[in-house]
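Accompanying notes for the structure given below.
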There are 2 protein chains.
Amino acid sequence: MTIHDHSGKERIDAVRAFNRFYTRQIGVLDEVWLKSAFSLTEARVLYELAHHDGLAASDLVRDLGLDPGYVSRLLKKFEERGLVDRAATEADARRSSIALTPAGREAFAPLNKDSHEQVRALLDRLAPADQERLVKAMRTVQDLLGDKPEPKVPYILRPLRVGDIGWITHRQGLLYAQNYGWDETYEALVAEILGEFVKTFNPQWERGWIAEREGEVVGSVFVMRKSAEVAKLRLLYVEPSARGLGIGARLVDECIGFSRAKGYKTLTLWTNDILGSARRIYQAAGFKLAEEERHHSFGKDLVGQTWNLEL
Amino acid sequence: MTIHDHSGKERIDAVRAFNRFYTRQIGVLDEVWLKSAFSLTEARVLYELAHHDGLAASDLVRDLGLDPGYVSRLLKKFEERGLVDRAATEADARRSSIALTPAGREAFAPLNKDSHEQVRALLDRLAPADQERLVKAMRTVQDLLGDKPEPKVPYILRPLRVGDIGWITHRQGLLYAQNYGWDETYEALVAEILGEFVKTFNPQWERGWIAEREGEVVGSVFVMRKSAEVAKLRLLYVEPSARGLGIGARLVDECIGFSRAKGYKTLTLWTNDILGSARRIYQAAGFKLAEEERHHSFGKDLVGQTWNLEL
DNA sequence: ATCAATTAGTTGACGGAGTCAATGAATCGA
DNA sequence: TCGATTCATTGACTCCGTCAACTAATTGAT
């Protein structure tokens with residue numbers, strides 16, 4: 001968990017280095033195919049056909065980035081060898097839907113197995129924990145570079161789980177340090193608040209929400225009991241990468257709804273005036289500024305604000 | 001932050017999916033070269049020559065995984081075009097050391113620039129934070145798959161930084177939940193201890209150490225002041241992926257050294273009997289078991305142990 | 001309903017990227 | 001010293017993949 005400070009150039013060089021590295025890596029991995037009766041591209045086509053039904057030639061051209069003429073000839077050869085069947089589609093007489101024949105599957109199976117075994121051997125050289133890191137890193141690369149189909153559900157809210165309060169402490173500590181220069185005592189405060197919250201947690205009166213997006217924690221908020229009539233909204237935060245999705249407003253809404261349902265009379269919160277985007281959310285939700293006071297905390301001179309919402 | 005549970009097959013499939021994905025990705029990236037007067041392989045060779053001095057043909061064959069005959073012809077063509085110079089080496093009359101001529105550098109420059117710009121465009125589509133994630137993930141893949149020159153310094157110790165206590169809380173909470181089934185109150189305890197520690201931190205009497213390996217936190221430990229004569233070692237932990245490097249013992253040693261230097265008479269610690277690997281470290285360091293008591297904590301019936309070391 | 005523009009697929013012609021095997025020369029090693 | 005290995009070159013060849021021209025079906029704009 002270090003804070004790298006990459007200039008654009010360093011990042012670009014790092015990506016280019018990775019491309020060179022993986023070009024080589026793929027070259028090694030592809031040697032498996034060369035032993036077989038199929039060329040690398042033929043193998044790629046077979047793979048696609050084995051894993052997707054009803055593909056047309058144009059799909060292969062698009063998905064694998066190949067030349068149409070080459071694919072045409074390649075499929076013709078496959079058909080002659082009895083590896084694939086082509087059937088014209090009813091909807092579009094130009095397209096034909098291609099499928100592996102049993103013989104095609106039989107020819108593909110050993111290829112597939114070899115490739116599988118080769119990757120297994122590659123992974124076996126790594127400790128299980130490293131295998132996991134590898135897979136996760138690859139998935140990250142793929143997610144970032146691939147065409148992200150904007151997640152249908154942009155985010156979900158869920159209750160707290162083990163690991164959450166540490167993670168929230170970590171992220172909030174870093175974010176406020178980076179953005180506002182707050183020192184480590186802010187992180188310490190978050191840790192204490194959350195530790196205390198979990199230890200004395202009473203689901204009747206209190207609750208925490210985690211906003212999660214594609215498996216990553218991207219925000220959170222807590223309602224804590226201040227007195228029988230007053231609930232306190234605390235530690236609202238949304239990851240910079242997930243802003244603009246309305247997560248902050250949604251989290252505040254949940255707090256308001258919960259507080260009302262539990263019979264609190266007032267929902268209060270404490271924040272600092274420099275946190276502008278949070279303030280806008282509170283205002284939009286109907287909170288009124290009740291009090292302001294200067295204070296020195298987290299290594300900075302700040303202006304604290306108390307906001308209240310009558311429920 | 002989800003807990004993935006990969007069987008071997010899933011991991012293998014994930015790696016293969018990544019290979020297919022990146023094969024395609026590289027295909028797209030390589031289109032830059034195709035516009036130029038050089039083939040992809042020629043461009044790769046030029047890149048190597050531009051970035052390393054005194055290469056021999058055999059080095060190119062090895063590093064880029066090419067056919068010797070092909071490289072020979074390729075270099076011959078380059079030489080004819082005046083792009084490279086070949087000079088026989090004194091040490092070995094078979095080898096010749098290859099270098100780009102000024103004309104060669106001039107021919108390579110635009111290629112290199114195009115590639116650079118292309119990657120820049122790729123990165124510009126991502127938010128800065130995502131660029132950072134991408135670079136980090138690529139580096140992880142490269143480190144894991146490349147011939148790892150086992151890091152000369154397998155780990156370093158450093159003082160606490162912002163973000164650490166949250167991270168430690170997060171990791172300890174997850175690890176003990178996964179391995180021993182402890183509930184969220186353990187994570188809460190860690191959060192409170194660390195929050196309190198930072199808030200009341202007195203460098204004269206207390207200290208924390210972070211073990212870091214290749215930029216990742218892999219362990220930590222704290223010495224806290226219990227009384228004028230007694231120091232307490234707390235929250236020792238080492239990531240499973242970093243065990244066997246002696247990090248745990250080293251962290252305990254640091255604690256002992258610090259406590260001695262500060263004039264404490266006793267170093268004490270509290271642990272649970274199920275934590276076997278930690279116990280072995282304490283015993284090896286000279287700690288003596290002083291007390292045992294049953295207790296119910298973290299959702300489990302446990303046997304707590306107090307160990308002491310007279311300094 | 002019509003016609004231009006687009007898309008799916010085919011075919012011929014071609015180039016040259018990359019492979020394979022044989023060879024010579026220098027070096028290493030037991 | 002002599003066989004084995006390494007570096008580099010060359011001839012011969014394959015076939016992968018590109019490019020352009022073409023047909024046929026479909027789409028879409030008017």
Side-chain angles (χ1 to χ4, degrees), chain A residues 23-24 26-49 52 54-81 84-99, chain B residues 23-24 26-28 30-49 54-81 84-99:
Chain A
T23 297
R24 181 89 178 80
I26 286 175
V28 172
L29 290 169
D30 286 346
E31 279 165 19
V32 161
W33 308 112
L34 295 179
K35 293 188 321 187
S36 74
F38 298 96
S39 79
L40 168 59
T41 307
E42 286 173 333
R44 289 175 73 200
V45 169
L46 283 178
Y47 186 94
E48 286 297 308
L49 292 175
H52 303 281
L55 285 177
S58 54
D59 297 324
L60 293 170
V61 168
R62 180 174 20 81
D63 295 346
L64 300 179
L66 302 174
D67 179 83
Y70 183 47
V71 169
S72 173
R73 243 183 291 269
L74 198 152
L75 289 173
K76 192 176 169 189
K77 208 168 61 186
F78 280 173
E79 202 175 17
E80 281 164 5
R81 284 208 258 168
V84 305
D85 269 337
R86 282 194 281 189
T89 49
E90 308 98 52
D92 186 337
R94 293 169 309 176
R95 294 171 67 94
S96 54
S97 138
I98 305 156
Chain B
T23 297
R24 183 89 179 80
I26 286 175
V28 172
D30 287 346
E31 279 165 19
V32 163
W33 310 114
L34 295 179
K35 294 189 319 185
S36 74
F38 299 97
S39 78
L40 168 60
T41 306
E42 285 173 334
R44 289 174 73 198
V45 168
L46 283 178
Y47 186 95
E48 286 297 309
L49 292 175
L55 286 176
S58 55
D59 297 324
L60 293 169
V61 168
R62 179 175 21 79
D63 294 346
L64 299 179
L66 301 175
D67 179 82
Y70 184 46
V71 169
S72 173
R73 243 183 293 268
L74 198 153
L75 289 173
K76 192 177 170 190
K77 209 167 59 184
F78 280 172
E79 202 174 18
E80 282 164 6
R81 284 208 260 169
V84 305
D85 270 337
R86 282 194 280 190
T89 50
E90 308 96 55
D92 186 335
R94 294 169 307 176
R95 294 169 66 94
S96 54
S97 142
I98 306 156

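Reminder, nothing fancy here: chain letters follow the sequence lines and each chain counts from 1. Since this is a predicted model, take the numbers as computed values, not measurements.
Atoms CG (B/Leu60) and P (D/dT9) sit 11 Å apart, rounded to a whole Å. With rounding to whole Å, A/Arg44 atom CZ is found 13 Å from D/dC16 atom C1'. Rounded to whole Å, atom P of D/dC15 lies 19 Å from atom CG of A/Leu66. The distance from atom CZ of B/Phe38 to atom P of C/dG16 is 14 Å, rounded to the nearest whole Å. Atom C1' of nucleotide D/dC15 and atom CG of A/Leu74 are separated by 12 Å, given to the nearest angstrom. One interatomic measurement links the two molecules: CG of B/Leu75 to P of D/dT10, which rounds to 12 Å at whole-angstrom precision. Between the CG atom of B/Leu40 and the P atom of D/dG17 there is a distance of 12 Å, given to the nearest Å. Rounded to whole Å, the distance from CZ on A/Phe78 to C1' on C/dG9 is 17 Å.
Distances shorter than 4.0 Å separate none of the side-chain N or O atoms of B/Ser58 from OP1 or OP2 on D/dT6. An OP1 or OP2 oxygen of C/dA8 is reached within less than 4.0 angstrom by no side-chain nitrogen or oxygen of A/Ser72. Between D/dT9 and B/Arg95, no contact under 4.0 Å exists linking OP1 or OP2 to a side-chain N or O. For B/Lys77 and C/dA17, the shortest distance from a side-chain N or O to OP1 or OP2 is below 4.0 Å. Neither OP1 nor OP2 of C/dG9 sits under 4.0 Å from any side-chain N or O of A/Lys76.
Atom-to-atom distance recorded for A/Leu60:CG and A/Thr41:OG1 is 11.5 Å, nearest 0.5 angstrom. One finds the CG atom of A/Leu55 at 8.0 Å from the OG atom of A/Ser97 (value rounded to the nearest 0.5 Å). Atoms CZ and CZ, from A/Arg86 and A/Phe78 in turn, are 11.0 Å apart once rounded to the nearest 0.5 Å. Rounding to the nearest 0.5 Å gives a distance of 12.0 Å between CG of B/Leu66 and OG of B/Ser58. One finds the CZ atom of B/Arg44 at 6.0 Å from the CG atom of B/Leu40 (value rounded to the nearest 0.5 Å). In this structure, the separation between CG on B/Leu64 and CD on B/Glu48 is 4.5 Å, given to the nearest 0.5 Å.
Taking the side chain of B/Ser39 as heavy atoms from C-beta on, and the options C/dA17, C/dG9, D/dG17, the nearest nucleotide is C/dA17.
Of all non-hydrogen atoms in A/Leu75 and A/Ala57, the two that sit nearest each other are CD1-CB, 3.9 Å. Across all their heavy atoms, B/Ile98 and B/Ala56 have their closest contact at CD1-C, 3.8 Å. Minimum heavy-atom separation, A/Ser39 to A/Tyr70: OG-OH, 4.1 Å.
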Indicate for each nucleotide in nucleotides 19-27 of chain D, in 5' to 3' sequence, whether protein heavy atoms under 4.0 Å reach the base (B), only the sugar-phosphate (S), or nothing (-).
B----BBS-
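Electrostatic pairing of B/Asp59 and B/Arg95 counts as a salt bridge here, judged by a charged N lying under 4.0 Å from a carboxylate O.
Each end of the helix from C/dA1-D/dT30 to C/dA30-D/dT1 yields a helix axis from five base pairs, and these two axes differ in direction by 50° (to the nearest 10 degrees).
Within the nucleic acid shown, B/Arg62 has no heavy atom closer than 4.0 Å to any nucleic acid atom.
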